[in-house]
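The shown structure was predicted, so the numbers you read here are calculated from the model rather than taken from an experiment. Lettering of chains follows the sequences in order, A, B, ..., and the numbering in each one begins at 1.
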There are 2 protein chains.
Amino acid sequence: MSLRHALLALLSAGPLTGYDASRQFGSSVGHVWHALDSQIYPELRKMQAEGLLTARQVPWGTKGATKTEYSVSPEGYEALRAWQREPLAYVPVRNPARLKAAYFEWADPGDARRQLESHIAHFEHQRDLAQQVIDEIRSESQPTLQRRLSTTAPQQRERIMRFKEFAHGGTVDQAEQEIAWARRGLALLNELGDLG
Amino acid sequence: MSLRHALLALLSAGPLTGYDASRQFGSSVGHVWHALDSQIYPELRKMQAEGLLTARQVPWGTKGATKTEYSVSPEGYEALRAWQREPLAYVPVRNPARLKAAYFEWADPGDARRQLESHIAHFEHQRDLAQQVIDEIRSESQPTLQRRLSTTAPQQRERIMRFKEFAHGGTVDQAEQEIAWARRGLALLNELGDLG
DNA sequence: CCAGTCATGTAAGATGTTACATGATTCC
DNA sequence: GGAATCATGTAACATCTTACATGACTGG
């Protein structure tokens, strides 16, 4: 059900059309919970059907076309708070990189090395992305955050920004840790190469 | 397709019945790739149908009953090596704990605190589990690893153990990092509490 | 002979991925 | 007038979870 909470969180910053929600998703909450358009549109409709969102047709263009704008209903805000009240259900471990590394004896050393190198490249990219997000938060240049802050009492703004920084800071740390792990793996391959 | 690779890895240590595979799964490869019995049994059959495993009926008990024992076929071993040759497809981020933390402004401080405390408890448990696995590897007391090592040339044994240690070491590091992150979150809540 | 565990699943549903589809509008 | 992007999906498939089912065997 996390997609639902991600969407509530996104729309809690203010109403959005389905299209705008899809676009802004990727550059805000999508950094911690990825989803594709093909999931977002149907989920928005389902949430509206269940009363978490209210929908309104707004004009689009000059020729009488419309698009759907969604807002969080009182029930939706309550669902957001209820979610925060519930303990988080931890999902069982399912880590493809660790799985592969545990059975590197089936790889030849060159392939194992390449795995680890692309692991490093991947998480360097993740780290840089998350660091960018943090910079955008600090500079208040992120559109979704701007909408969020504009409807918030000044005393609350600090909290909101600090929580987001904290969350994305976790992503940075995790990326650093994965990079350090993969480097240890490369060192191990070197060591075993010398032995064999 | 990782379940398939996890099962190939498990059975590469030697033949197992479906039931034994299900049991041993949890105490070996299941530490990096979780799966339930209801997934394992059907997947073993599918893998046999596709020629990755060979099945053999072995007697069970004294009254003529049988059970199915699976072994990795040559095609299965090739699939295992092919998997190690392919680059890993990184899945998009989907992190419920980070998602929740990014929107802690919707939680009251007590609930946010409880989230972080159970985050710490969860990863302390993960860390201890992974540390146990590492100890079992070092002491060669893990049954699946014993089967694996017993069919391996002595020069290769070191490699196998070091790779597994390395993989589970990553789980330990990740757990430590999550614990440190959550502690920073608790400190942040304290700080914001003082401000508000 | 009865409890436990061995042995093997099925069925329904939730969630997510991949690939494709289509028309409207705006900007150059 | 054509390209880009706005707007909104659907269909098929894969994967995983939850809940349930059932009979055989073993040890006390």
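I40(B) has its CD1 atom 12 Å from the P atom of dG9(C), to the nearest Å. Spacing between atom CG of D37(B) and atom C1' of dT22(D) amounts to 15 Å, rounded to whole angstrom units. Note: NZ (K46(A)) to P (dT10(D)) measures 13 Å, nearest angstrom.
For the pair R23(B) and Y19(B), the cation-pi test (distance below 6.0 Å, angle within 45°) is passed.
The aromatic rings of F123(A) and Y90(B) stand perpendicular to each other, their planes meeting at an angle above 60°, with 30° marking the opposite boundary.
Regarding contacts with the backbone of dT15(D), every side-chain N or O of Q39(B) stays at 4.0 angstrom or more from both OP1 and OP2. Contact annotation: T68(A) side-chain N/O to dT8(D) OP1/OP2 distance is under 4.0 Å. An OP1 or OP2 oxygen of dC6(C) is reached within less than 4.0 angstrom by no side-chain nitrogen or oxygen of R23(B).
In this structure, R85(B) pairs ionically with E78(B), as a charged nitrogen and a carboxylate oxygen lie closer than 4.0 Å. Under a 4.0 Å N-O distance rule, the pair R114(B)/D111(B) qualifies as a salt bridge.
Residues W33(B) and H5(B) keep their aromatic ring centres 6.0 Å or farther apart. In this structure, the ring of W83(B) has its center no less than 6.0 angstrom from the ring center of Y103(A).
Two residues are said to be in side-chain contact when any heavy atoms from C-beta on lie closer than 4.5 Å; L53(B) and L44(B) meet this criterion.
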Filtered N/O pairs between nucleotides 1-5 of chain C and protein, under 3.5 Å:
{"unit_1": "dT5(C)", "atom_1": "O3'", "unit_2": "Y19(B)", "atom_2": "OH", "d": "3.4"}

Short N/O separations, protein against nucleotides 18-28 of chain C, under 3.5 angstrom:
{"unit_1": "dT18(C)", "atom_1": "O4", "unit_2": "S38(A)", "atom_2": "OG", "d": "3.0"}

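A residue-by-residue look at T17(B) and R94(B) shows that T17(B) has its nearest nucleotide of DNA chain C further toward the 5' end. Between G18(B) and A35(A), it is G18(B) whose nearest contact on DNA chain C lies nearer the 5' terminus.
Exactly one residue among Q177(B), R184(B), Q174(B) makes a side-chain hydrogen bond (donor to acceptor under 3.5 Å, both in side chains) with D173(A). That residue is R184(B).
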